[in-house]
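Below is one structure, written out as structure tokens, with a few remarks after it.
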Amino acid sequence: MTGYGGAAHAEVPSTQRSAAAGSIPQAARSSAARAAETGEPVEVLYERTEYSQVFAQPDGSFKLTQSTTPQRVRGADGAWRPVDVTLEKRADGRIAPKGAVVDLSFAGGGAGSDMIRIGDRKGRVLTLGWDRELPEPVLGGDRDSVFSRELNQLLEAGYDFSP
């Protein structure tokens, strides 16, 4: 599964600034010149984020297209890729989505103290644990699960895990 849900988009036209204005960076001016030359919008690539894109318009204005959900993720190599929430086993044994905005991973079994890990680009990490051993997760089939077959059966049966 690649991507998810129907993202809500908002297109916000920018102010009508001329591409020749000194306050517009060179990369944006280049995109604006190409848009004027071709008569088609041209993306200002250095403005791209997980959630937004900026397009130079043929009339010299710029348009911001922004989404409430991530539309792309930046890979370790710096290249943009689609969001991909398919779970896979990483080299370190943890289970993680193939392409996510945050570094989200689940334990590959064993000690529950590091059950869920969420990290950001600055190296900060939030870890959630459980005081029990974790079985090895099950991947594949109709739906991926970071839980074992036994735990899935308990969850589907409505088992109460409260103390």
Side-chain angles (χ1 to χ4, degrees), residues 1-15 23-28 31 41-56 62-163:
M1 176 167 78
T2 301
Y4 56 88
H9 291 276
E11 292 190 3
V12 182
S14 70
T15 59
S23 63
I24 299 175
Q26 177 57 41
S31 296
V42 175
E43 184 178 3
V44 182
L45 291 175
Y46 82 92
E47 291 285 350
R48 184 186 289 177
T49 71
E50 290 90 349
Y51 299 89
S52 65
Q53 292 175 284
V54 174
F55 292 88
F62 293 89
K63 184 177 4 177
L64 167 68
T65 302
Q66 191 160 12
S67 177
T68 58
T69 58
Q71 301 300 299
R72 64 202 65 79
V73 296
R74 191 179 290 273
D77 62 356
W80 290 105
R81 295 182 175 81
V83 172
D84 186 349
V85 297
T86 305
L87 298 176
E88 66 180 355
K89 191 167 195 169
R90 297 191 318 202
D92 64 1
R94 296 189 63 81
I95 308 300
K98 290 182 178 180
V101 174
V102 297
D103 181 18
L104 169 68
S105 66
F106 304 91
S113 60
D114 194 18
M115 184 169 68
I116 300 172
R117 192 182 309 157
I118 304 170
D120 67 11
R121 289 184 211 146
K122 295 181 179 178
R124 297 177 292 205
V125 176
L126 170 67
T127 301
L128 303 174
W130 197 23
D131 63 353
R132 299 182 187 153
E133 287 289 308
L134 299 170
E136 187 172 340
V138 177
L139 297 178
D142 290 339
R143 65 184 172 106
D144 289 339
S145 176
V146 293
F147 303 114
S148 69
R149 284 189 173 86
E150 297 82 11
L151 185 53
N152 274 332
Q153 289 170 349
L154 292 173
L155 292 170
E156 290 171 5
Y159 184 82
D160 183 6
F161 287 94
S162 59

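Computed from a predicted structure; not experimentally measured.
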Just how far is it from atom CG of L64 to atom CD of Q53, taken to the nearest 0.5 Å? 9.5 Å

With rounding to the nearest 0.5 angstrom, report the CH2 to CG distance, W130 to D114. 14.5 Å

Might you point out which heavy atoms bring [X] and [Y] nearest each other, and give the distance in Å?
X    : Y    : value
T68  : Y51  : O-CE2, 4.1 Å
V101 : P70  : CG2-CB, 3.2 Å
P25  : Y46  : CG-OH, 2.8 Å
R81  : G75  : NH1-CA, 3.0 Å
Q71  : V83  : C-CG2, 3.8 Å
A107 : P137 : O-CG, 3.5 Å

Are any of the side-chain heavy atoms of [X] and [Y] separated by less than 4.5 Å?
X    : Y    : result
F106 : M115 : no
P41  : K63  : no
P97  : L87  : yes

Taking D120 first and then K122, would you say they form a salt bridge - that is, a charged N and a carboxylate O separated by under 4.0 Å? no

Positive for side-chain contact (heavy atoms from CB on, under 4.5 Å) with L104, one of I118, I95, V85: I118

Quick check: does any side chain N or O of R94 sit under 3.5 Å from a backbone N or O of K89, one acting as donor and the other as acceptor? no

